[in-house]
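Here the structure comes first, spelled out in structure tokens, and everything after it is commentary.
Quick caveat, the model's predicted, so the values are computed rather than measured. Each ligand, and each atom within it, is numbered from 1 in the order the structure gives.
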Amino acid sequence: MNQFLLFTPGPVNVAANVRLAIAKNDICHRETEFDDLLASIEHKLLEMFEVKNKARYSAVVITGSGTAANEAILSSVVGNKKVLILSNGEFGERLHKISRIHNANTFLLEFPWGQSIDVDVVETFLKAHRIDVVVMVHHETCTGMLNPLAAIGALSKAHRALFVVDCVSSAGAETIDMESCNIAFCSSSSSKAIGSYAGLSFVVGETAEFEKLKHNPVKTTYLNLATFYAFMTARSQTPNTPGVPLFYGLDQALSNILLEGVSNRYAKIRRRAHLLRRGMVKLGLKFLIDQKDMCSVLTTVVVPPNVDVGLLRRKLRECSIIIYEGKGCFKNKVFQVGNIGELSNKDIRFFLATLDEVLQGFMPVVQEKIVAVRKAPASGAHDNSGVYAPAIAGT
Ligand SMILES: *Cc1c(COP(=O)(O)O)cnc(C)c1O
């Protein structure tokens, strides 16, 4: 039915019942039907986050992509206090950019893209500076790295700072333990691992911290988190006109996760990632970061020498497969393959076979190396897998 298989970290191929849900019903968002819909979404979000004490947490939904939720938090939570952004990639940098607009007292601890956030460095910084809010991306999507929630959460607590996390690309695929990681607020969106359409984002946070927001200076009207919370608590409403069809889609996508079981869902995505990674390793491909540091959502692959990544992407596209090229300092150096949304194991095997075929189309320099490999004693590598391995190993 679909023209494209989206091997991206979002948007994703949605489930058939999510596609149907958005065309379900014409309702007025100021009538009780919408109150019920939003209340249902809030309830399901808290279920998905597996919070033990539901009264301790609340959720609001914003019409706008993940950045809207991030900007709502960064403009509404910090007030005149001091905020520290931890960054090791593009999305950390984006948080810094947003915070600087709204908060004069924005500090940045920057680690190279693809490297871990050094917890000791963060601790040293927190000892030397009085920081009120610590902000970090959970899954840094530009590299695929999962950042240390528990460690930074514990440090934030020890230094009496609120811990805020961008979970846009991890929620729905990885455990986010709000309680044990001391997370005050986290953001995510509808269109990544949760598996619905793009256009909605949400903030899950401690009810007590939501309550305090009304005392903060108002820095934006549309994205003021205090207003979203006030409307949510008064009558499960949103301050302005919501994208109602998308709310139906999100509600259905959350139902799908809960019906499958949250941990079953996470395990399924992890199994798919392993299938994909094993297959790409067999093709001789190398990954940007160690597998143990990777989120289960996507894999960042080093572009082999002799391969033009733009052409690779277009060739895959001709076979209905969509991947991402690297951005920023990773331009032409990596490509990214996601494994979320409605992708079956069969789709993944189709992807691997197509990738193999397309990679073999990138010839000249590789040709010579094939000769070398064929002459070498049998390495156990099967037919096509030997083609790219030596080319990469030679760099
Ligand atoms: C996708 C993403 C966002 C939000 O980007 P939008 O373009 O607003 O959807 C924010 N943070 C991370 C880590 C993401 O992966």
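Taking the six-membered ring where the residue is Trp, the centroids of Phe210 and Tyr57 are separated by 6.0 Å or more. Proximity of the aromatic rings of Phe7 and Phe351 is defined here by a centroid distance below 6.0 angstrom, and this criterion is met.
From the protein, the heavy atom lying nearest to atom 5 (O) of ligand 1 is Thr67 OG1, 3.5 Å. The protein heavy-atom contact nearest to atom 12 (C) of ligand 1 is Phe91 CD2, 3.3 Å. Given atom 2 (C) of ligand 1, the protein heavy atom at minimum distance is Lys192 NZ, 2.5 Å.
The distance from ligand 1 to the heavy atoms of Asn70 drops below 4.0 Å at these ligand atoms: 10 (C). Interface atoms of ligand 1 facing Thr141, defined by a heavy-atom separation under 4.0 Å, are 12 (C), 13 (C), 14 (C), 15 (O). Atoms of ligand 1 lying under 4.0 Å from any heavy atom of Val137, numbered from 1 in the order shown and given with element: 13 (C). Those atoms of ligand 1 that come under 4.0 Å of a heavy atom in Ser169, given as number and element, are 13 (C), 15 (O).
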List the steps and the verdict of salt bridge (Lys or Arg N to Asp or Glu O under 4.0 Å) for Arg235 and Asp35. CA-CA 6 Å; Arg235 220 190 86 186; Asp35 304 359; 2.8 Å; yes
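Of the polar atoms of Asp166, at least one N or O is found under 3.5 Å from an N or O of ligand 1, judged by distance alone.
Thr299 and Arg277 share a donor-acceptor pair across their side chains, judged by distance under 3.5 Å alone.
In this structure, His139 has a heavy atom closer than 4.0 Å to ligand 1.
The side chain to side chain contact (heavy atoms under 4.5 Å, CB included) test with Glu140 is passed by exactly one of Asn147, Asp166, Ile289: Asn147.
Between Ile322 and Leu316 the shortest side-chain heavy-atom distance does not fall below 4.5 Å.
Between Glu123 and Lys127 a salt bridge is recorded (basic side-chain N to carboxylate O distance below 4.0 Å).
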